[in-house]
Amino acid sequence: MLPLVYHPDFVTPLPPEHRFPMPKFGRIYAEILHAGIAGPDQFHLPLIAQREWLELVHTPAYVTSYLTGSIDAKAMRRIGFPWSPALVTRTCTAVGGTVLAARLALAHGIACSTAGGTHHAHADFGSGFCIFNDLAVAARVMQREEDVRQALIVDLDVHQGDGSAAIFAHDPSVFTFSMHCEKNFPFRKSASNLDLSLPAGMEDEAYLAVLAERLPGLLDTVRPDLVFYDAGVDSHRDDRLGKLALSDAGLYARDYFVLTECRKRGIPTACVVGGGYSKDIDALARRHVLLHRAASEVVG
Ligand SMILES: [Zn+2]
């Protein structure tokens, strides 16, 4: 049975008309239950990320400024959220969720959070709705507290994982792989260990062919003890911010392929939902839940 991670604090109020679809996290949880993908007993409640975990990746000055609200307005504008104590709780709980998903993946093979994937967060600043880099923090916590030496981030969000790439630029123990749309945020990209830039408008067949050509060899070369899979759905054709043209079936096939390739090799895989933008929150939640459906299928 697939272990899942959710906390009510994954959702926090934002000003009305804010362009970030915050309510989707609650809807993802509801949809997993509603669609019968998992029962309530499969959900695990994360602990809030400790400051010590955050500082395995982020500078103490940045961590302090964000946690205490002394962060300057310009830095918050770059993040794109208004600062609030509730947002701090939300941020740290989501990081805790990815840490817990990683631990559950090590114990059970595959585990999925219902948040996470804040890959634009750098060591000393946040950007693009990303404050702390949950993937990076969880990788370092697992290296310190669990039997993980080599980690691999498979980042299939439509945007490049620039924060993760920069954080691990000089740390070969976390391999960063990003497959994203070339003409999209961030416009100044950091170099991942492997970047595959795709042209705008790419559809299912071409996309899945690129993935099938590169992922198996990557898993065999890097031989990670743990994979972090960012299954962003902003590569969907109806996404407001993405510029690729995948269908629901294409996203499902993508997630199923990644998880099957990892499982075949016995590599534990922790999944996060990543980006996805739509005004239709129900449609967006269903799109994200393709990941949990595929994971549940693969686990059997
Ligand atoms: Zn994205």
Side-chain angles (χ1 to χ4, degrees), residues 10 14 18-25 27-28 78-81 90-91 94-95 97-98 112-122 125-136 138 153-167 176-192 194-203 207 210-211 228-248 250-252 254-255 258 270-281 283-292:
F10 284 179
L14 285 178
H18 193 281
R19 62 206 164 100
F20 186 81
M22 187 64 83
K24 75 179 182 180
F25 300 102
R27 238 50 95 68
I28 289 171
R78 185 164 191 181
I79 289 167
F81 291 130
R90 195 262 162 206
T91 306
V95 173
T98 303
C112 298
S113 184
T114 49
T118 41
H119 60 169
H120 301 308
H122 287 63
F125 67 93
S127 159
F129 305 133
C130 300
I131 298 160
F132 296 136
N133 193 311
D134 61 315
L135 301 158
I153 297 174
V154 174
D155 186 341
L156 302 189
D157 188 283
V158 82
H159 303 102
Q160 198 231 8
D162 61 329
S164 316
I167 287 164
T176 54
F177 165 44
S178 176
M179 185 163 137
H180 49 266
C181 180
E182 192 179 4
K183 290 203 172 47
N184 215 330
F185 179 91
F187 296 102
R188 204 185 312 145
K189 298 178 174 41
S190 322
S192 309
L194 175 61
D195 281 303
L196 297 178
S197 292
L198 309 175
M202 190 179 255
E203 296 181 4
Y207 181 97
V210 175
L211 189 61
F228 288 92
Y229 175 37
D230 183 334
V233 297
D234 40 14
S235 41
H236 192 274
R237 61 186 169 210
D238 295 334
D239 192 85
R240 287 176 77 193
L241 301 184
K243 292 188 173 134
L244 296 182
L246 300 197
S247 67
D248 285 356
L251 283 176
Y252 182 84
R254 174 194 76 168
D255 297 345
V258 171
C271 309
V272 298
V273 299
Y277 305 91
S278 171
K279 284 192 169 161
D280 184 342
I281 298 294
L284 181 58
R286 281 195 297 274
R287 214 173 279 159
H288 276 298
V289 166
L290 293 166
L291 165 70
H292 308 90

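Ligands are counted one by one from 1 in listed order, and the atoms in each one are counted from 1 as well.
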Peer 1: Are R90 and F25 in a cation-pi setup, meaning NZ or CZ lies under 6.0 angstrom from the ring centre and within 45 degrees of the ring axis?
Peer 2: yes
Peer 1: Taking the six-membered ring of Y277 as reference, does the cationic atom of K24 (NZ for Lys, CZ for Arg) lie under 6.0 Å from its centre and within 45° of its axis?
Peer 2: yes
Peer 1: In D234, what N, O or S atom is nearest to the Zn ion (ligand 1), if we give its atom name?
Peer 2: OD2
Peer 1: Is any N, O or S atom of H159 under 2.8 Å away from the Zn ion (ligand 1)?
Peer 2: yes
Peer 1: Under the side chain to side chain contact (heavy atoms under 4.5 Å, CB included) test against F177, which residue among I153, D195, L196, D230 passes?
Peer 2: L196
Peer 1: Identify, by name, the N, O or S atom of D157 lying closest to the Zn ion (ligand 1).
Peer 2: OD1
Peer 1: Ring pair (Phe, Tyr, Trp, His ring centres under 6.0 Å) with F81: which residues, sequence neighbours excluded?
Peer 2: H18, F20, F129
